[in-house]
Visitor: 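Got a structure for you, written out below as structure tokens; questions coming shortly.
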Amino acid sequence: MGRIAGVTAAETRDRLLRAAADVFAERGYDGTRVADIAAAAGVSNGALYAHFGSKAELLVAALRAYARRLLADLFADDPDRSATGLLLAIGRQLPQRRDARGYLLVEALVTARRDTDVAGPTRDYVGERADWIAGLARVAQGDGELDPALSPEAVAHFCLLLALGSALVPPDMHTVAEAEWAALLGRVVTGLAPAESSPPETAPPQNSAPRESTP
């Protein structure tokens, strides 16, 4: 298995990322070999190393690709969604059952505790997520949707804790009704809004929410 005829380098990279996400999700990081990912993608080990330097790099790259696809879907549903609206849309999905790839971050965090090769890239990835959410919070503050006295970094940390908690407590362990969860989120976001402001769902967006940057 070498380079696949008629397939571009970008397509090969995407094929590897999808294969990595699937194999890591099925076997875990420790149970996955680089050769397993190459075989699942239909390429040689050499072709894989032409794109990624290590298994740890592949894991975090797969995480980034998965996050970009989720955000792309949200923007496709509503390209003009406000920053607060985007945070609410992401939050509403947290208690829902996710596919196996949705637990890749848990795999990375658990592995990072005992594997220094994974710890650094995973820390960088979480930092990128936090920076992006903090940027989203700043847009919401500029639009008058979030209290400007709040720390964007604290908002980002709160959102990260919610997201990670939802991955650790999946629906088959504890189920909450979708409407009840949405009502709670709405109450939380309303509590973070400036005094005497309109609810975030009805406030007209002034700035576009920041889109995912391409690493």
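Position 1 is the first residue of the sequence; numbering continues from there.
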Visitor: Check whether any side-chain heavy atom of Phe24 lies under 4.5 Å from a side-chain heavy atom of Ile37, and answer yes or no.
Guide: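 Phe24 reaches Ile37 side chain to side chain.
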Visitor: Can you tell me if Phe158 has over 12 outside heavy atoms packed within less than 6.0 Å of its CZ?
Guide: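 Not buried by this count: 12 neighbours or fewer within 6.0 Å.
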Visitor: Taking Arg15 for the side chain and Gly42 for the main chain, is one N or O donor matched with an acceptor at less than 3.5 Å?
Guide: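 No, Arg15 side chain to Gly42 backbone: no donor-acceptor pair under 3.5 Å.
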Visitor: Taking C-beta and beyond as the side chain, do Trp132 and Leu71 meet within less than 4.5 Å on heavy atoms?
Guide: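 Yes, their side chains come closer than 4.5 Å.
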Visitor: If the condition is side-chain hydrogen bond (donor to acceptor under 3.5 Å, both in side chains), which residues does Arg13 pass it with, not counting sequence neighbours?
Guide: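 For Arg13, no residue satisfies side-chain hydrogen bond (donor to acceptor under 3.5 Å, both in side chains) once neighbours in sequence are set aside.
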Visitor: Please identify each residue that fulfils side-chain hydrogen bond (donor to acceptor under 3.5 Å, both in side chains) with Ser166, with sequence neighbours left out.
Guide: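 Ser166: side-chain hydrogen bond (donor to acceptor under 3.5 Å, both in side chains) contacts with Arg98.
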Visitor: Could you check whether any side-chain N or O of Asp78 sits under 3.5 Å from a backbone N or O of Asp80, counting only pairs where one atom can act as donor and the other as acceptor?
Guide: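 Yes; judged by distance alone, with no hydrogens or angles, the pair exists.
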Visitor: Name all pairs fulfilling the salt bridge (charged side-chain N to carboxylate O under 4.0 Å, His left out) condition that reach into residues 32-48, sequence neighbours left out, sorted by first residue then second.
Guide: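 Sorted pair list: Arg27-Asp36, Arg33-Asp36.
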Visitor: Is the shortest side-chain heavy-atom distance between Leu105 and Leu109 below 4.5 Å?
Guide: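 With C-beta onward as the side chain, the pair touches.
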Visitor: The criterion is side-chain hydrogen bond (donor to acceptor under 3.5 Å, both in side chains); which residues satisfy it with Asp22, sequence neighbours excluded?
Guide: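 For Asp22 the side-chain hydrogen bond (donor to acceptor under 3.5 Å, both in side chains) partners, ignoring immediate neighbours, are Arg101.
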Visitor: Do Gln141 side-chain atoms and Leu146 backbone N/O form a donor-acceptor pair below 3.5 Å?
Guide: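 No: the side chain of Gln141 does not pair with the backbone of Leu146.
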Visitor: So Tyr103 and Pro170, do their side chains get closer than 4.5 Å, heavy atoms only?
Guide: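 Pro170 vs Tyr103: side chains touch.
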Visitor: Does the distance from a Lys or Arg side-chain N to an Asp or Glu carboxylate O, for Arg138 and Glu153, drop under 4.0 Å?
Guide: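 Result for this pair is yes, salt bridge flagged.
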Visitor: What I'd like to find out is whether the side chain of Phe52 reaches to under 4.5 Å of the side chain of Leu17, using heavy atoms alone.
Guide: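 Phe52 vs Leu17: side chains touch.
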Visitor: So, using side-chain hydrogen bond (donor to acceptor under 3.5 Å, both in side chains) as the criterion, who are the partners of Arg187 when residues are at least two apart?
Guide: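 side-chain hydrogen bond (donor to acceptor under 3.5 Å, both in side chains) list for Arg187, sorted by chain: empty.
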Visitor: With sequence neighbours excluded, give me every salt bridge (charged side-chain N to carboxylate O under 4.0 Å, His left out) pair touching residues 111-121.
Guide: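 Every pair satisfying salt bridge (charged side-chain N to carboxylate O under 4.0 Å, His left out) with a residue in residues 111-121: Asp30-Arg114.
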